[in-house]
Structures are given as C-alpha cells and as structure tokens.
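Here is the structure we will look at, set down as structure tokens.
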Amino acid sequence: MADPRFFTPHGPFNLATLAKLAAAKLAADADPAKLVKDVAALDSAGPDDISFLDNVLYRDLFASSRAGACVIAPELVERAPEGMALLLSETPYKSYALIARAFYPEPPT
C-alpha cells in the first residue's frame, strides 16, 4: 500500500478487469467479480489486497499470506493458501506492475 499522504489509489477493481490488464489468466476457482481494493506485499496484504510471487525464495511467505488475490506462475498453484484467488502469469512481476499502475497511475503533468 502506498502512503496515502502522497498517492491516491484508484479502484477497486474486480479480478476479471485486473486479469485482463495484467495479461493473466484467472484460476478456475477464482471469482471474476471479486473486488480488490489495493496492492500490497505478501507479508502485509489482507483479504482485499492483491500481491504477487515472482521469486521462489518467498514461497513460504506466499503460503502464509493473507492476500485475497495473488499473481503467480502456474507451477506454484499448489502452494497457494486456501481461499486465495490466483491470477496466473508466465511473467508475474510484469503482470503485478501493470496492476499496480492501474491502482496508482502516473499523475497528470
């Protein structure tokens, strides 16, 4: 979550919209209408946030995350916590960056 003194988040966005923006695929059990209110790191995300896992060194943190949704590579699906909505991407970091840009677009100049 960005500091609200400096950044105003846009959103919320539903998972279908975020998946399209991120060129990701929703996992079969993900609700496309689920609303996401913000982006957050795996260790601080809550049920209304989306996070990502790109580095397998953080897979244990991912397994214990409270994030409501997460962008991950397809081969990591089995490690996801129960109830977490998954957006599957071959490039999770890039997909997450596109999602973060939707929540926090460049300010007009």
Side-chain angles (χ1 to χ4, degrees):
M1 176 180 206
D3 188 327
R5 294 175 297 170
F6 304 106
F7 301 98
T8 303
H10 293 125
F13 297 99
N14 65 42
L15 288 177
T17 299
L18 294 177
K20 185 174 180 176
L21 287 170
K25 179 181 176 187
L26 283 176
D29 60 348
D31 176 5
K34 176 181 172 62
L35 290 178
V36 176
K37 295 181 180 176
D38 208 348
V39 295
L42 281 171
D43 60 345
S44 62
D48 294 328
D49 298 323
I50 188 166
S51 193
F52 79 105
L53 174 66
D54 189 48
N55 186 330
V56 294
L57 295 176
Y58 296 102
R59 63 182 172 247
D60 292 337
L61 188 57
F62 168 65
S64 65
S65 178
R66 293 181 48 247
C70 195
V71 182
I72 63 167
E75 59 268 14
L76 296 172
V77 168
E78 304 82 38
R79 292 191 170 271
E82 188 174 330
M84 181 184 282
L86 302 176
L87 283 76
L88 309 177
S89 172
E90 294 299 328
T91 55
Y93 184 81
K94 179 180 179 185
S95 293
Y96 181 77
L98 294 167
I99 289 169
R101 184 168 57 179
F103 279 99
Y104 297 94
E106 288 287 325
T109 56

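Nearest heavy atom pair, residue Pro92 against residue Ala73, reads CG-N, 3.6 Å. Of all the heavy atoms in Thr17 and Asn14, the pair that sits closest is N-OD1, 2.7 Å. When all heavy atoms are compared, the tightest approach of Arg66 to Ala45 is CB-O, 3.5 Å. Minimum heavy-atom separation, Tyr96 to Ala40: OH-N, 3.4 Å. The two residues Glu78 and Glu75 make their nearest non-hydrogen contact at OE1-O, 3.1 Å.
A distance of 8.5 Å separates CD1 in Ile99 from CG in Leu15, rounded to the nearest 0.5 Å. Rounding to the nearest 0.5 Å places CG of Leu87 at 5.0 Å from CD1 of Ile50. The structure places CG of Asp29 at 10.0 Å from CD of Glu82, a figure rounded to the nearest 0.5 Å.
Side chain of Ser51 to main chain of Cys70: no donor-acceptor pair is present (N/O by atom type, distance under 3.5 Å, no hydrogens or angles). Judged by distance alone, with hydrogens and angles left aside, the side-chain atoms of Ser95 form a donor-acceptor pair with the main-chain N or O of Thr91 at under 3.5 Å.
Residues Leu35 and Met84 do not share a hydrophobic cluster, defined by chaining ILVMFWY side chains whose heavy atoms lie under 4.5 Å apart.
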Test log, rule side-chain contact (heavy atoms from CB on, under 4.5 Å), inputs Phe103 and Val36: CA-CA 10 Å; Phe103 279 99; Val36 176; 3.9 Å; yes
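Remark: Asp48 pairs with Lys37 by the salt bridge (charged side-chain N to carboxylate O under 4.0 Å, His left out) rule, at least two apart or across chains.
If you run side-chain contact (heavy atoms from CB on, under 4.5 Å) between Leu86 and each of Leu26, Leu53, Ile72, Val71, only Ile72 comes through.
Using a 4.5 Å heavy-atom cutoff, the side chains of Asp38 and Tyr104 are in contact.
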